[in-house]
Amino acid sequence: EVKRGGKNGYRFYSPELDEELLFKIEIEADLRKAIERGELEVYYQPQYRMPDRQLIGIEALLRWKHPVRGMIPPDRFIPIAEETGIIMEIGRWVLREACLQTKIWHDAGQTKVPVSVNLSTQQFHQPDLEFEIERILVETGLDPQYLELEITESMMMDAALSIAIMNRLKRLGIRLSLDDFGTGYSSLSYLSMLPISRLKIDRSFVMRLEESGNERAIVTTIIAMAYSLGMDVIAEGIETEGQLEILTEQRCLEFQGYYFSRPVPPGDLFAGDADLSLGMTAEPPTASSADA
Ligand code: C2E
Ligand code: MG
Ligand code: MG
Ligand code: MG
């Protein structure tokens, strides 16, 4: 089989390819058992509104503690779960888990904020998705206004179809946000037709904000566009005071990133300080975050 190689053009065989294939086969087999073995966990990362650093939401982020390989970052196994269809079961599990946990926090008297759950491409196109979500909301008792689903531009291959799916989801009374905004190829003209409450500025722009004027221009434009469309805008991947300052100057008010908190296990989110003290670092850097 001919595979497109690295910089040298094409290659027919390479040990790395073998390794990658083996990894996939192993991971696929292990993933099928991961849920029942209790190896999956949901971590939560807080979102804040400035200038008063008010907690406005939390994002649910999947973690897999593999018995042999240790913590495997989602960027590594979610694509495999998508390819093999296992993502449907995993996605359902995450949704239920996040809704259940959020309901527990609400019942315990914590500040009521919505939980954001990432949707996969396959889930997005699942014909009975809205019924499944409705069932999960009823079973967990979470008020629909406290669930936000994160969708990416790359899921929306067909504009009309995507708008129809989103409108069906919106009828449940939940919110929708557009994740990783700016990295996809959605046309600006149909952005205004999407029933989206919030744009999430991708971390790749935030990362280069302090060095690059181009990044600043892009981010300025995204923020202005969001507001003119009546959407909120949140910047993800805030790591420095400088990034926060630049974005605040551009009138961005909502933030999520290591500067405030890493994703943490549910027990740590409201631990100690009820208004979520800054600088919690419960999660060590993973391979995926370290290479960024
Ligand atoms: P995402 O939805 O864009 O989530 C944000 C990612 O950025 C998370 O990585 C988060 O830990 C990381 N992050 C947040 N703040 C910072 C920061 O200041 N610096 C750096 N370097 N990274 C930051 P994570 O948890 O590894 O997840 C990666 C991606 O995997 C997510 O990107 C999302 O696309 C996907 N994912 C995670 N959980 C789920 C899930 O339950 N279902 C699906 N379908 N996808 C998920
Ligand atoms: Mg997300
Ligand atoms: Mg994102
Ligand atoms: Mg992402």
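Treat the numbers as computed from the prediction; the structure is a model and nothing was measured. Order of appearance sets the numbers: ligands from 1, and atoms from 1 within every ligand.
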Could you list which atoms of ligand 1 come closer than 4.0 Å to a heavy atom of [X]?
X    : answer
L119 : 44 (N)
I238 : 18 (O)
E239 : 17 (C), 18 (O), 19 (N), 20 (C), 21 (N)
P74  : 24 (P), 25 (O), 26 (O), 27 (O), 28 (C), 30 (O), 37 (C)
D179 : 1 (P), 2 (O), 3 (O)
S120 : 44 (N)
Q45  : 14 (C), 15 (N)

With heavy atoms under 4.0 Å as the rule, classify the contact between [X] and ligand 1 as side chain, backbone, both or neither.
X    : result
R63  : side chain
D202 : neither
L62  : both

Q: Step by step, work out the salt bridge (charged side-chain N to carboxylate O under 4.0 Å, His left out) result for K33 and E26.
A: CA-CA 11 Å; K33 301 172 220 145; E26 254 185 67; over 6 Å; no
**Q.** Angle subtended at the Mg ion (ligand 2) by OD2 of D179 and OE2 of E59, nearest 10°
**A.** 180°
Quick check: closest heavy atoms across [X] and [Y], and the distance to 0.1 Å?
X    : Y    : result
P195 : M166 : CG-CB, 3.5 Å
R76  : I72  : CB-CG2, 3.8 Å
L209 : R216 : O-NE, 3.3 Å
L199 : M225 : CD1-CE, 4.2 Å
I90  : A81  : CD1-CB, 4.2 Å
F260 : I238 : CE1-CG2, 4.2 Å

Any [X] heavy atom less than 4.0 Å to ligand 1:
X    : result
G237 : yes
P73  : no
M207 : no
Q123 : no
V42  : no

Pair [X]-[Y], side-chain donor/acceptor within less than 3.5 Å:
X    : Y    : value
D202 : S204 : yes
Q47  : E254 : no
E210 : T240 : yes
E59  : S116 : no

Q: Rounded to the nearest 0.5 Å, what's the gap from CG on D179 to CD on E153? Could you check?
A: 10.0 Å
Q. Would you say the ring centroid of W105 lies under 6.0 angstrom from that of Y146?
A. no
(Q) Which atom name does E236 have for its N/O/S atom nearest to the Mg ion (ligand 3)? (A) OE2
**Q.** Contact flag D180/the Mg ion (ligand 3), N/O/S atoms, threshold under 2.8 Å
**A.** yes
Q.
Any N/O/S atom from D202 (main chain or side chain) under 2.8 Å of the Mg ion (ligand 3)?
A. no
Q: Could you say whether the N/O atoms of E59 and ligand 1 ever approach to under 3.5 Å?
A: yes
Q: May I ask you to check whether N118 has an N/O atom sitting below 3.5 Å from an N/O atom of ligand 1?
A: yes
Q: Could you pull out, from L95, I78, V206, the option with a heavy atom nearest to atom 36 (N) of ligand 1?
A: I78
Q: Could you pull out, from V94, D75, V117, the option with a heavy atom nearest to atom 41 (O) of ligand 1?
A: V94
Q. Which atom, among the N/O/S set of E150, is closest to the Mg ion (ligand 2)?
A. OE1
(Q) Take a 6.0 Å sphere around CZ of R168 and say whether it holds more than 12 heavy atoms from other residues, nucleotides or ligands. (A) yes
(Q) Just checking: N118, one of its N/O/S atoms, less than 2.8 Å away from the Mg ion (ligand 2), yes or no? (A) yes
**Q.** Candidate pair E150 and K200, rule salt bridge (charged side-chain N to carboxylate O under 4.0 Å, His left out), full reasoning
**A.** CA-CA 9 Å; E150 297 196 354; K200 298 192 80 174; 2.7 Å; yes
